[in-house]
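What follows is a short report on a single structure.
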Amino acid sequence: MLLFRGYEILDVFGPLEALSWVAKRHDKIDLYMVAETLEPVATAPLMAAMNPFNASFFPTVNPTHTFDNVPDLDVLIVPGGIGTRSPNMNATLDFITATYPNLQYLITVCTGSTLVAKTGILDGKNATTNKASWSSVITNGPNVNWIPEARWVVDGNIWTSSGISAGIDATLAFIAEFYGKDNATTISDYMEYEWHDDKNWDPYAKIWGVV
């Protein structure tokens, strides 16, 4: 799981909740929380203007590894959040670029597709993103075939999902791909989460005027 200042909480912990059930019930999987440094990573935005009430409602996460010492990865999950708009993301973009060729799968949640689009990895591919932030995201990938009505999209080894909770739906679909739909459904039942298992189910595209 990639971390950066200003990540969206559920983008990170929704998919991790689903995957934790795989680790408990089905397989040995290892989790690496990867950031530029080992300093705690906060969900707080960098700029005061993005925190108009001076709130302190911003949890932090301690990374387990940095970009320089993380072991080889099979899967990289890139969350979204207000931090994707930061101008100081060069190290993060370089990490995604360098890591992707050795991955089996790359998964984006919400506006995490912004970061991957900036690297050029999504060029010529089908992808989707958060519908409330649609217009601001797609400008970062003019050579991407953005799918306006989709809960998630799979193109080769890249999975992109729509806004926030869609990351859970896509992760459950990813689990179903390897462990079977019955097991993914059981995990969603343990989570007491209503899994929208149709990747084309996307009422938010209409709500936010994307289609």
Side-chain angles (χ1 to χ4, degrees), residues 1-19 33-35 41-47 50-51 57-59 61 75-87 89 92-93 95-96 100 103 105-119 121-122 125-141 144-155 158-175 188 191 193-211:
M1 177 65 71
L2 182 65
L3 296 175
F4 50 83
R5 175 77 177 267
Y7 66 86
E8 183 66 37
I9 300 171
L10 195 63
D11 286 9
V12 170
F13 290 101
L16 291 187
E17 172 66 26
L19 289 166
M33 306 290 276
V34 189
V41 184
T43 59
L46 283 167
M47 293 174 283
M50 294 182 175
N51 183 15
F57 205 90
F58 302 110
V61 171
V75 181
L76 177 64
I77 303 176
V78 180
I82 202 165
T84 61
R85 303 176 187 177
S86 171
M89 298 294 282
T92 300
L93 297 177
F95 173 72
I96 295 171
Y100 174 68
L103 295 174
Y105 295 95
L106 175 64
I107 301 172
T108 71
V109 182
C110 191
T111 55
S113 54
T114 300
L115 300 179
V116 181
K118 285 182 176 181
T119 69
I121 290 171
L122 293 181
K125 296 186 178 295
N126 298 323
T128 197
T129 191
N130 184 305
K131 303 313 183 301
S133 300
W134 182 263
S135 59
S136 64
V137 171
I138 65 173
T139 57
N140 295 285
V144 180
N145 182 27
W146 295 102
I147 307 300
E149 192 168 8
R151 189 67 169 163
W152 72 88
V153 169
V154 181
D155 191 328
I158 298 177
W159 294 53
T160 56
S161 57
S162 186
I164 309 184
S165 66
I168 303 174
D169 292 333
T171 301
L172 288 167
F174 185 76
I175 291 169
S188 70
M191 293 170 61
Y193 175 77
E194 186 177 354
W195 176 26
H196 296 287
D197 61 357
D198 179 0
K199 67 180 184 295
N200 298 313
W201 178 89
D202 186 9
Y204 302 101
K206 294 181 176 66
I207 289 171
W208 292 108
V210 175
V211 296

Notebook entry, point to check: Residues in ring-ring contact (aromatic ring centres under 6.0 Å, His included) with W201, at least two apart?
Noted result: H196

Note to self: Quick one, Y100 with T119, criterion side-chain contact (heavy atoms from CB on, under 4.5 Å). Give me CA distance, side-chain angles, the key distance, then yes/no.
What the structure shows: CA-CA 10 Å; Y100 174 68; T119 69; over 6 Å; no

Note to self: Out of the candidates W152, W195, W159, only one should pair with F174 under the ring pair (Phe, Tyr, Trp, His ring centres under 6.0 Å) rule; please name it.
What the structure shows: W159

Margin query: For I77, run the side chain to side chain contact (heavy atoms under 4.5 Å, CB included) check against I107, T108, L106 and tell me which one passes.
Written below: I107

Item checked: Heavy-atom closest contact (S162 atom, A150 atom, distance) -> CB-O, 3.7 Å

Checklist line | Nearest heavy-atom neighbours spanning Y204 and K131 | finding: O-CB, 3.7 Å

Item checked: Salt bridge present between K206 and E149 (N-O < 4.0 angstrom) -> yes

Checklist line | Residue pair S113 / C110: nearest heavy atoms and the distance that separates them | finding: OG-O, 3.3 Å

With a 3.5 Å cut-off and sequence neighbours excluded, list the donor-acceptor pairs that the side chains of residues 10-18 form with protein atoms.
| unit_1 | atom_1 | unit_2 | atom_2 | d |
| --- | --- | --- | --- | --- |
| D11 | OD2 | G80 | N | 2.8 |
| E17 | OE2 | W21 | NE1 | 3.0 |

Next item on the list: Taking all non-hydrogen atoms of both residues into account, name the closest pair between P59 and Y7 and its distance.
Entry: O-OH, 4.1 Å

Check: Of D202, D169, T128, which is the lone residue that meets side chain to side chain donor-acceptor pair (under 3.5 Å) with R151?
Finding: D169

Item checked: Nearest-0.5 Å distance that lies between atom CE in M47 and atom CD1 in I82 -> 7.0 Å

Notebook entry, point to check: So, for S161 and V109, which heavy atoms are closest and what is the spacing to 0.1 Å?
Noted result: OG-CA, 3.2 Å

